[in-house]
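Input: a single structure, listed below in structure tokens.
Letters A, B, ... are given to chains in the order of the sequence lines, protein chains preceding strands, and every chain is numbered from 1. This one's a predicted model, so the numbers in the text were calculated from it and none came from an experiment.
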Amino acid sequence: MAAPIAVIDFETTGMAPAQGARATEVAIVLMEGEQVVDRFDSLMRTGVTIPPFIEQLTGISNAMLATAPPAEAVMREAARFVGSAPMVAHNAAFDSKFWQSELQHAGLAAPQPFACTVLLSRRVFPDAPSHSLGRITDHLGLPRTGRAHRALADAEMAAALLARMQRELCQRFGVPWPDHALLMQLQRCARQSIGKLLDRLSTGAAHTS
DNA sequence: TGCCAGGCCCTCTTTAGGGCCTT
């Protein structure tokens with residue numbers, strides 16, 4: 001059985017915690033192999049006002065957050081849900097910063113490594129017209145599981161994309177089912193070196209390099 | 001809607017510039 005991987009997505013009030021943005025919703029999909037085995041999803045209340053543009057984009061309103069549980073409690077539960085599983089997000093540079101920031105607000109550490117489905121998608125599907133979550137989902141014919149820009153729907157789509165890429169690596173390149181460490185290695189690999197890396201993956205040599 | 005940021009990637013690059021991707 002493949003080790004579990006946690007696919008996460010945040011909805012937020014802005015682009016960066018350093019600018020005062022806070023999370024408004026978090027969703028986590030736990031995957032074993034290509035199977036979704038569990039889900040976590042919650043709105044979270046931080047006291048920060050959602051700008052009108054973000055309200056329109058996500059459908060998450062200030063009124064909805066008024067009755068949401070406090071962010072610290074949600075993040076404690078999210079951290080328990082993830083446990084020690086390594087994490088994946090679509091544009092991980094964004095979600096990992098909010099994961100670290102919101103856990104820090106709750107007094108918790110964020111030790112997990114993040115793999116990024118944007119970087120991986122650019123490697124596995126270099127000819128795709130776009131690697132935004134919605135467009136790569138449509139391009140590959142993957143199901144849309146709910147309203148885009150809601151955390152659970154986006155996390156489900158990112159999980160489906162991850163599973164599709166893992167299957168592609170198995171079928172197209174003959175590599176064993178890639179674990180999180182190999183995905184991290186693949187996403188960092190320069191495009192020109194993909195062939196060599198996949199050869200090493202197929203023989204298992206990448207595990208020891 | 002598009003700006004704000006930041007990391008990554010590609011090319012007309014490499015002591016840089018511009019586009020993508022996230023809310």
Side-chain angles (χ1 to χ4, degrees), chain A residues 6-29 41-65 68 71 74-75 78 87-105 110 112-140 142 144-162 164-165 183-197:
Chain A
V7 183
I8 190 168
D9 186 80
F10 278 106
E11 303 306 319
T12 72
T13 63
M15 296 305 294
Q19 296 179 304
R22 295 292 303 269
T24 58
E25 185 180 39
V26 58
I28 302 159
V29 171
D41 179 30
S42 181
L43 294 170
M44 48 201 286
R45 174 168 46 87
T46 64
V48 173
T49 301
I50 306 174
F53 167 64
I54 303 292
E55 271 199 11
Q56 190 173 19
L57 178 72
T58 65
I60 299 171
S61 68
N62 289 297
M64 291 165 66
L65 295 192
V74 172
M75 292 307 298
M87 305 188 77
V88 169
H90 199 70
N91 196 16
F94 176 87
D95 290 283
S96 63
K97 278 190 165 42
F98 279 95
W99 177 247
Q100 293 165 5
S101 174
E102 293 299 342
L103 285 179
Q104 189 173 30
H105 280 293
Q112 291 93 340
F114 270 74
C116 176
T117 48
V118 174
L119 299 181
L120 287 166
S121 177
R122 287 172 178 162
R123 293 286 172 259
V124 178
F125 305 113
D127 298 326
S130 167
H131 299 275
S132 71
L133 186 55
R135 292 192 66 188
I136 191 69
T137 292
D138 291 342
H139 176 73
L140 296 173
L142 300 172
R144 285 177 175 261
T145 54
R147 176 190 167 130
H149 297 298
R150 285 302 299 266
L152 184 57
D154 283 1
E156 297 258 19
M157 283 195 287
L161 173 60
L162 176 65
R164 178 73 172 77
M165 289 191 291
L183 294 175
M184 295 283 288
Q185 194 170 4
L186 179 61
Q187 75 180 15
R188 288 194 304 265
C189 184
R191 177 181 286 181
Q192 297 85 344
S193 306
I194 283 292
K196 290 180 181 176
L197 175 62

Reckon [X] touches a base, only the sugar-phosphate, or nothing at all at heavy-atom distances under 4.0 Å?
X	answer
A:Thr58	sugar-phosphate
A:Ile54	base
A:Phe98	nothing
A:Thr13	nothing
A:Glu25	nothing
A:Asp9	sugar-phosphate

Worksheet entry | Sole residue of A:His90, A:Arg144, A:Glu11 in side chain to side chain contact (heavy atoms under 4.5 Å, CB included) with A:Asp154 |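 It is A:Glu11, the one option of A:His90, A:Arg144, A:Glu11 that forms the side chain to side chain contact (heavy atoms under 4.5 Å, CB included) with A:Asp154.
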Discussion item. Among A:Ile8, A:Val26, A:Thr12, which residue satisfies the side chain to side chain contact (heavy atoms under 4.5 Å, CB included) criterion with A:Phe98?
Written reply: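 Only one of A:Ile8, A:Val26, A:Thr12 forms a side chain to side chain contact (heavy atoms under 4.5 Å, CB included) with A:Phe98, namely A:Thr12.
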Worksheet item: For A:Ala6, what residues pass the side chain to side chain contact (heavy atoms under 4.5 Å, CB included) criterion, not counting sequence neighbours?
Response: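 A:Ala6 satisfies side chain to side chain contact (heavy atoms under 4.5 Å, CB included) with A:Ile28, A:Leu30, A:Val82, A:Ala85, A:Met87 only.
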Worksheet item: Hey, does the side chain of A:Arg123 come within less than 4.0 Å of B:dC10's phosphate (OP1/OP2), counting only N and O?
Response: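 True: A:Arg123 side-chain N/O within range (under 4.0 Å) of B:dC10 OP1/OP2.
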Discussion item. So, OP1 or OP2 of B:dC20: does either fall under 4.0 Å of a side-chain N or O from A:His131?
Written reply: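 So the side-chain polar atoms of A:His131 never come under 4.0 Å of the phosphate oxygens OP1 or OP2 of B:dC20.
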Worksheet item: Using the P atom in both, what is the distance from B:dG18 to B:dC3, to the nearest Å?
Response: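 B:dG18 and B:dC3 have their P atoms separated by 14 Å.
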Worksheet item: Can you tell me how far CG of A:Leu120 sits from CZ of A:Arg188, rounded to the nearest 0.5 angstrom?
Response: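 Going from CZ on A:Arg188 over to CG on A:Leu120, the span is 10.5 Å.
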